[in-house]
Amino acid sequence: MRVAAQGGYLTPRRRRRLRETLVAIASIGVTLLGLVALTFFIGRMLPLDPVIKIVGENAPQAAYDRVYRELGLDQPLIVQFLGYLKSAVTLDLGNSLTSGRPVLEDIGRVFPATIELATVAMVIGTGLGVPLGVLSAMYANSWIDHVVRTVCLIGYSAPNFWLGLMGLMIFYAGLGWVSGPGRIDFVYEYGFEQRTGLLLIDTIMAGNWDAFRNAVSHIVLPAAILAFSAMTYISRMTRSFMAAQLTQEYIITARVKGLSWRRTVWRHAFRNIAVQVLTVIALSYAFLLEGAVLTETVFAWPGFGRYLTSALLAGDMNAVVGCTLIIGIIFVTINLICDVLYRVLDPRTR
Amino acid sequence: MDDMHQHGFRGWLAAPVPASAAQARAQQIWLGCKRFAANRSALAGLVFLLLLVIVAWLAPLIAPYNPFQQSLSARLTPPSAAHWFGTDELGRDILSRIIYGTRITLYIAVLTAGIVAPVGLIVGTIAGYFGGWIDLVLMRIVDVFLAFPSLILALAFVTALGPGIENAVIALSLAAWPPIARLARAETLTIRKSDYVAAMRMQGASHLRIIWSDVIPMCLPSVVVRVTLNMAIVILTAAGLGFLGLGAQPPSPEWGAMLSTGREFMMNAWWVAAMPGIAILLTSLAVNLAGDGLRDVLDPRHD
């Protein structure tokens, strides 16, 4: 910004950076355009006839033709695409064919549930994953390392929807430690005002502690299952970042100076991997949104994932395409944030 | 030193100076096998996968029951001597269904690998070798595909194509090729500047020939490792599609689909959902173990 405002301020280095930034922005623009094109293509591959979906099998030919024109299907493909592009840019994703409401409105309504679940999962996953990854690298080939690596191996080999089912069976049906599917028991559902849509926060704001405890008992299990997959990813990456740092010479220097191993690792090496770990955490947040699709189905969690799967099963193409587009945009944005974080926080990239 | 005095095939494999290109290659493969076999967990993974192949191949001989045979008098019976893994809600033997299910899982994984590896290799090597606008265009396409989480992309494609195993394979392949292409491109970028490629070009070799005979063989090891490791993800995603009812359709004994019917009876018949899940877990674990071992052998730069 400052560079653009002060014209004579463009040193060659700044000019290069400005150009890099512009290229990055342009390539993100192209990616987003491609995203829209891909979802358009997916929407057009549909074997079902969207007109029949609206007017029904036995509609007279006149009604069929009218809806056919209304949907713009008589236009050339490129005109249809431009129309789709325009509606994508203005985030007008059309109406859901099942609920009848605008897709964006539907997504806005279900999204807080997913954000809440993914955030709790990420906090747990990070809280466990980072220390375990560091410990694993710190005591490489010790029993801690082997345990962590085995747990991670199982974590990324296990289907998380199955873990969810087993968790429900053991901790809900068997032991009764947690509440079952859903976000909150029906009794509490209208006992407080839903201001943010995040039930944990809403119940606290309303001071309704019974409802809060109930919401916690509902979220614990799905969040733990999601956190497990996030944890395996985060700790695996942390371990390999840390292992790379520990071969550096400054580590030996610090040790020769008499610093304890623990202090060397946490004070010296960890600072150097902090930015990398941060970007991994951000990326794992994006993957949590993906993992939520199956987990939400298992736990009847009324979030984005369940909205998407029910749209999939109903053949509601507007909703499917809309959800896919939104997820794509979120993914690109998170990647962009990671990139920026990297540039801003890591002095080595300057 | 003893090896030098060995005779016969072993001696030929251990000869300190190979006499022919074929011998050198055989020695390399032999060393690789030895390194792989020294890694016990990788070996265990490979043995398990081989077992799966045999089980899938001989399914009619191994399976104790017909996987589609319903027996309403034996509904939801717990694991016993007659039914090791119990029976499902229609009285079908779960062990037999899992045994037949290996065919579907292997079919999906192998077919997807067979599509993804060549497509990724071709796109990646062409982009990396020619560079310029070809690279730019191809990599933008890859970026677009990578902008979606693979499950979401596979879900969207499978909805558009309609449910079924073949469509699931297409959808999984569409979602899985971009990382391979990106990897092949990165490898190609380091190879295309090398002297032997320049030498080939000066000898008048065409671009296609250089890509085919010099670039692709050099990319193969890392691509094979990556595709193998990705198969674990493909197996999990395929099971997820089946679980959502978008993959193989009932009564097909696909593991993910079995899990989703087992879900309804989970609370009083744990085995219906537990058993197929364990099968999925063990298979993807075996792929991961074998893939890690393969990486240690083929991709020495890693770690």
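This one's a predicted model, so the numbers in the text were calculated from it and none came from an experiment. To find a chain, count down the sequence lines: A is the first, B the second, and so on, and within it residues start at 1.
- To the nearest 0.5 Å, atoms CG (L236(B)) and OG (S157(A)) are separated by 7.0 Å.
- For a residue to count as touching a neighbouring chain, one of its non-hydrogen atoms must lie under 4.5 Å from one of that chain's; by this rule L163(A) does not touch chain B.
- When each of S41(B), A232(B), A239(B) is checked for heavy-atom pairs under 4.5 Å with chain A, A239(B) comes out on top.
- Between chain A and the residues I141(B), L155(B), I233(B), the most heavy-atom pairs under 4.5 angstrom are made by L155(B).
- Chain B forms more heavy-atom pairs under 4.5 Å with one residue of V320(A), L168(A), L33(A), I327(A) than with any other, namely I327(A).
- Each of V321(A), L312(A), N160(A), V332(A) has some count of heavy-atom pairs under 4.5 Å with chain B, and the biggest count is that of L312(A).
- Between the OG atom of S260(B) and the CG atom of L165(A) there is a distance of 9.5 Å, given to the nearest 0.5 Å.
- For the atom pair I154(A) CD1 and N288(B) CG, the distance stands at 11.0 Å (nearest 0.5 Å).
- In this structure, chain A has no heavy atom under 4.5 Å from any part of L282(B).
- Using a 4.5 Å cut-off between heavy atoms, T309(A) contacts chain B through its side chain alone, with no backbone atom that close.
- Looking at heavy atoms from C-beta onward, W162(A) lies in side-chain contact with L281(B) at the 4.5 angstrom threshold.
- When the shell of 6.0 Å around CZ of F145(B) is examined, it contains more than 12 heavy atoms from other residues, nucleotides or ligands.
- For the atom pair L35(A) CG and F148(B) CZ, the distance stands at 3.5 Å (nearest 0.5 Å).
- Of all heavy-atom pairs between A158(A) and S284(B), the closest is N-OG, 4.4 Å.
- The candidate with the highest count of non-hydrogen atom pairs below 4.5 Å against chain B, out of V293(A), I330(A), T324(A), is T324(A).
- Comparing A273(B), A286(B), P276(B) by how many heavy-atom pairs each has under 4.5 Å with chain A, the most go to A273(B).
- The nearest pair of heavy atoms linking P159(A) to I280(B) is CG-CG2, 3.6 Å.
- Note: T31(A) leads I329(A), I334(A), T31(A) in heavy-atom pairs under 4.5 Å with chain B.
- Note: L244(B) leads L244(B), V158(B), D143(B) in heavy-atom pairs under 4.5 Å with chain A.
- Separating the CG atom in L153(B) from the CZ atom in F331(A) is a distance of 10.5 Å, to the nearest 0.5 Å.
- For F287(A), no part lies near chain B; criterion is any non-hydrogen pair under 4.5 Å.
- With a 4.5 Å cut-off on non-hydrogen atoms, T283(B) does not touch chain A at all.
- Of all the listed residues (V30(A), N335(A), V298(A)), the one sharing the greatest number of non-hydrogen pairs under 4.5 Å with chain B is V298(A).
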